[in-house]
Amino acid sequence: MRWLTPRLYNALHSGLWPWLCAACVALSLLMLTALLTLLITRGLGHFWPATLEEVTLVSGDVVIGQPVREAPLPNADSLERLYFTGNRDITGANWRWVAIEDIRHQTVPNDLIRLERSPWGDFLGRLTAVESEGQRLTGQEAWAFVNNTLAKPASQRPAGQLLLTTADGQTLYQPLDRVTHFQTPNAMSWGQKVVTWGQRIWQFLSEGPRAANTGGGVWPAIFGTVLMVILMSVIVTPFGVLAAIYLNEIAHQNRLTHLVRIGVRNLAGVPSIVYGVFGLGVFVYGIGGSIDSWFFSDELPSPTFGTGGLLWASLTLALLTLPVVIVATEEGLARIPDTQREGAVALGATRLETLTRVVLPMATPAILTGMILAVARAAGEVAPLMLVGVAKLAPQMPVDGEFPYLHLERKFMHLGYHLFDTAFHGEDVQAAIPLVFAIALLLVLIVLVLNLTAIFLRHYLRRQRGNEC
C-alpha cells in the first residue's frame, strides 16, 4: 500500500471497514437463519402425517412405506429410493432401499394405516379386523371401533386386538393396550393433517420417552433442563455478584487483584469436562459421600447424596458459569461514574448504603447480562452433566408431592444429553434423525425464552433508572 497517496489510502481505509463489518454481520445473520430454517423444517416436519406409498416391484414384491430420500446407485446412472417400512418385528428392519428402475407400479391407497405401538415401533400396512369382547368387527365397524377406542387412554380400553395385514400378506395380531397412535395419512384432508400435526407436537412436549428414547416425548427432559438452569442461576448469581463487588468496590487495586482478575478470566476458558471431573471428585464423592456417612449411614452402601444428582449438577454448572457472571458484573460496576459514589457520600450515606442503594441498582442490568450469558452456556452443556447427575431415563421426577417436594439428590433428564443419546445411542439412528432436529429446535427455543425473559427485565430496569448496562 506504499504506492497509494495518503488521501487515497485514508479514503479506502475509511470506506473498507464499514463494508467489511456489514458483510460479517450479514454473513452471521445468514448462517443463523440457515440453522434455524434447518431445525424448523426438519424438526417440525417430523410430526407431519407423511404420505404412504404402495410400490409393486418388477420381481412381484410389494413394499408399503414412507419415501424419505433418493440417492444415486453406486457404479450406476440410476437412482434408488429409501422407504421407511416399519414392521421391525416382522422384517427385522425399518428401512428398505428400492431402485427406481425396479418399480413397476406405484399407488397411494387411502386404506393404508400407520400404527405407533410399543415396543416394536411403527407398523405400516392395512387393518383387517378387530377382535374385542368376543366380537369380530370388519369393514366400517372396525374403523369406527378403532377411532373411538384408541382415542382413550390405554388403561380405559377394552381387552382386544387388531388384525393387521402387511404388504406381503402376513397377519399380525396387535393388542389394543400397546397402541399409542393410529392414523390413515392418505385419507386425511389438509385440515385433518394440521390437527394431527398439532396433536403430535403436544404429545412430544407433554409425554415421556419410549422405545429407547427414539419415540414418545421429552417432557421429563424439558422439566429437568429448566429446573437445573433455575437452580444454577439462584446459586451462581449471589456468588458472582459478591465476588465482583469485592474486586471492584472493596479490594485495593494492586498486583494481587490484577492476578485474581486474570485467573477469573482464564477459568472461563477451561474445558467444561474438567468442571465435570471436579464436580465428580469434590461434590459427589467428597461432599456427597460425607453427607451419606453422617446422615444416611443406614442406607449405605447404596448412596443417597454420594452419587450424581440435581444438586451436584447445578453446583457444577454454577462453578462453570461463575467467571461469566463475575466479569459481566464487574464491567457494569466499572462503568458507573465515581461521581455517583461521591455524591452519595457527600449527602451523608455510608459506604454500605452507597453500595446497596446507588451502585447495585445501577449495575443491575449488567448483572442480568451476566445471567443471560450464564444461562445460554449452562443450558447447552452436556459433558459435565454426564459425570454429575444426568440420566438416560430418570424413573422419578426431581419434584413430586412427597416431602420435601424438591428432591435434590435424584438424577434428572436433560435435553442436551437426550439429544446426544438419541443421536448416537439409539437402536435406529436413521429413524432418530428427525427427532434429533426436533429436540435441538426445542433446546434452542428454551434458551431463547430464558434469555428473552432476562433481556426484557434488563430493558425494564434500564428505563426505570435511565442507565446503560
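What's counted below: heavy atoms across the whole structure, side chains too, no hydrogens, waters or symmetry copies.
- Here Ile446 contributes atom CD1 and Ile222 contributes atom CD1; the two are 5.0 Å apart, rounded to the nearest 0.5 Å.
- Of all heavy-atom pairs spanning Glu53 and Pro67, the tightest one is OE2-CG, 3.6 Å.
- Taking the six-membered ring where tryptophan is involved, the planes of Phe420 and Tyr417 are tilted, since the angle between them lies from 30° to 60°.
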side-chain contact (heavy atoms from CB on, under 4.5 Å) for Leu387 and Ile273? Distances and angles first, verdict last. CA-CA 9 Å; Leu387 300 176; Ile273 190 64; 3.8 Å; yes

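- Between Phe204 and Phe47, the ring planes are tilted. Angles from 30° to 60° get that label.
- With sequence neighbours left out, the side chain to side chain contact (heavy atoms under 4.5 Å, CB included) criterion links Asp298 to no other residue.
- Between Trp312 and Thr307 the shortest heavy-atom distance is CD1-O, 3.3 Å.
- Shown are Asp177, Asp89, Asp122; of these, the side-chain hydrogen bond (donor to acceptor under 3.5 Å, both in side chains) with Arg117 is made only by Asp89.
- The backbone N or O of Leu419 lies less than 3.5 Å from no partner atom in the side chain of Thr422, so there is not a single donor-acceptor pair.
- Between the side chain of Arg410 and the backbone N or O of Met397 there is at least one donor-acceptor pair closer than 3.5 Å.
- Summarising the geometry, atom CG belonging to Leu319 is positioned 7.5 Å from atom CG belonging to Leu267; distances are rounded to the nearest 0.5 Å.
- Rounding to the nearest 0.5 angstrom, the gap separating the CD1 atom in Ile230 from the OG atom in Ser314 is 10.0 Å.
- Here the CD atom belonging to Glu330 is positioned 4.0 Å from the CZ atom belonging to Arg261, to the nearest 0.5 angstrom.
- Using a 4.5 Å heavy-atom cutoff, the side chains of Leu205 and Leu442 are in contact.
- Closest approach of Ala243 to Ile326, counting heavy atoms only: CB-CD1, 3.8 Å.
- Two residues are said to be in side-chain contact when any heavy atoms from C-beta on lie closer than 4.5 Å; Phe123 and Gln174 fail this criterion.
- With a 4.5 Å cut-off on side-chain heavy atoms, Leu435 and His46 count as touching.
- A heavy-atom distance below 4.5 Å is found between the side chains of Leu415 and Ile439.
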Between Met232 and Leu320, does the side-chain contact (heavy atoms from CB on, under 4.5 Å) criterion hold? Intermediate values first, please. CA-CA 10 Å; Met232 180 275 303; Leu320 185 149; over 6 Å; no

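- Taking OH of Tyr173 as the reference point, atom CG of Leu162 lies at 12.0 Å (rounded to 0.5 Å).
- Using modelled atom types, one side-chain atom of Ser132 and one backbone atom of Ala159 make a donor-acceptor pair closer than 3.5 Å.
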Go through it in stages, so that I can follow the logic: the residues are Leu124 and Leu112, the test is side-chain contact (heavy atoms from CB on, under 4.5 Å), and I'd like the CA-CA distance, side-chain angles, deciding distance and then a yes or no. CA-CA 7 Å; Leu124 276 62; Leu112 295 183; over 6 Å; no

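- With a 4.5 Å cut-off on side-chain heavy atoms, Val62 and Asp168 do not count as touching.
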Before giving the answer on side-chain contact (heavy atoms from CB on, under 4.5 Å), spell out for Glu54 and Arg126 the whole-Å C-alpha distance, their side-chain angles and the decisive distance to 0.1 Å. CA-CA 11 Å; Glu54 185 174 29; Arg126 288 182 169 86; 2.9 Å; yes

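- Partners of Phe437 under the ring pair (Phe, Tyr, Trp, His ring centres under 6.0 Å) rule, at least two apart in sequence or in another chain, do not exist in this structure.
- The aromatic rings of Phe296 and Phe305 lie tilted to each other, with the angle between the two planes from 30° to 60°.
- In this structure, Leu310 and Pro398 approach most closely via the heavy-atom pair CD2-CB, 3.8 Å.
- In this structure the side chain of Val390 never reaches within 4.5 angstrom of the side chain of Val382, judged on heavy atoms.
- Smallest separation of non-hydrogen atoms from Val447 and Ala379: CG2-CB, 3.5 Å.
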Please test Glu331 against Arg265 for salt bridge (charged side-chain N to carboxylate O under 4.0 Å, His left out), starting from the C-alpha separation and ending with a verdict. CA-CA 12 Å; Glu331 291 292 334; Arg265 285 164 172 78; 3.6 Å; yes

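- Not one N or O on the side chain of Asn248 forms a donor-acceptor pair closer than 3.5 Å with the backbone of Ala244.
- Residues Asp292 and Glu409 are not in side-chain contact: their nearest non-hydrogen atoms beyond the backbone lie 4.5 Å or more apart.
- With Glu116 as reference, Arg200 is the one residue of Gln183, His181, Arg200 to meet the side-chain hydrogen bond (donor to acceptor under 3.5 Å, both in side chains) rule.
- Remark: Thr85 OG1 to Ile64 CD1 distance equals 10.0 Å, nearest 0.5 Å.
- Counting non-hydrogen atoms of neighbouring residues, nucleotides and ligands closer than 6.0 angstrom, the CZ atom of Phe182 exceeds 12 such neighbours.
- Two rings, from Trp95 and Tyr83, have their centers 6.0 Å or more apart.
- Environment of CH2 in Trp197: sparse, with no more than 12 heavy atoms of neighbouring residues, nucleotides or ligands closer than 6.0 Å.
- Put simply, the side chain of Thr184 never gets that close to the backbone of Ile113: no donor and acceptor are under 3.5 Å apart.
- Residue-environment remark: CH2 (Trp202) stays at or below the threshold of 12 foreign heavy atoms within 6.0 Å.
- In this structure a side-chain-to-backbone donor-acceptor pair under 3.5 Å is present from Thr91 to Asn87.
- Counting non-hydrogen atoms of other residues, nucleotides and ligands closer than 6.0 Å to CD of Gln140 gives a total of 12 or fewer.
- Taking all atoms of both residues into account, the shortest heavy-atom contact from Arg377 to Ala268 is NH1-O, 3.3 Å.
- Residues forming a salt bridge (charged side-chain N to carboxylate O under 4.0 Å, His left out) with Arg157 (at least two apart in sequence, or on another chain): none.
- The shortest distance between side-chain heavy atoms of Leu317 and Leu385 falls below 4.5 Å.
- A side-chain contact (heavy atoms from CB on, under 4.5 Å) with Asp421 is found for one member of Lys392, His414, Met386 and no other, namely Lys392.
- In this structure, the side chain of Arg42 does not engage the main chain of Ile433 through any donor-acceptor pair within 3.5 Å.
- Each of Leu333, Thr329, Thr364, Val236 was evaluated against Val241; a single residue qualifies, Thr329, per the side-chain contact (heavy atoms from CB on, under 4.5 Å) test.
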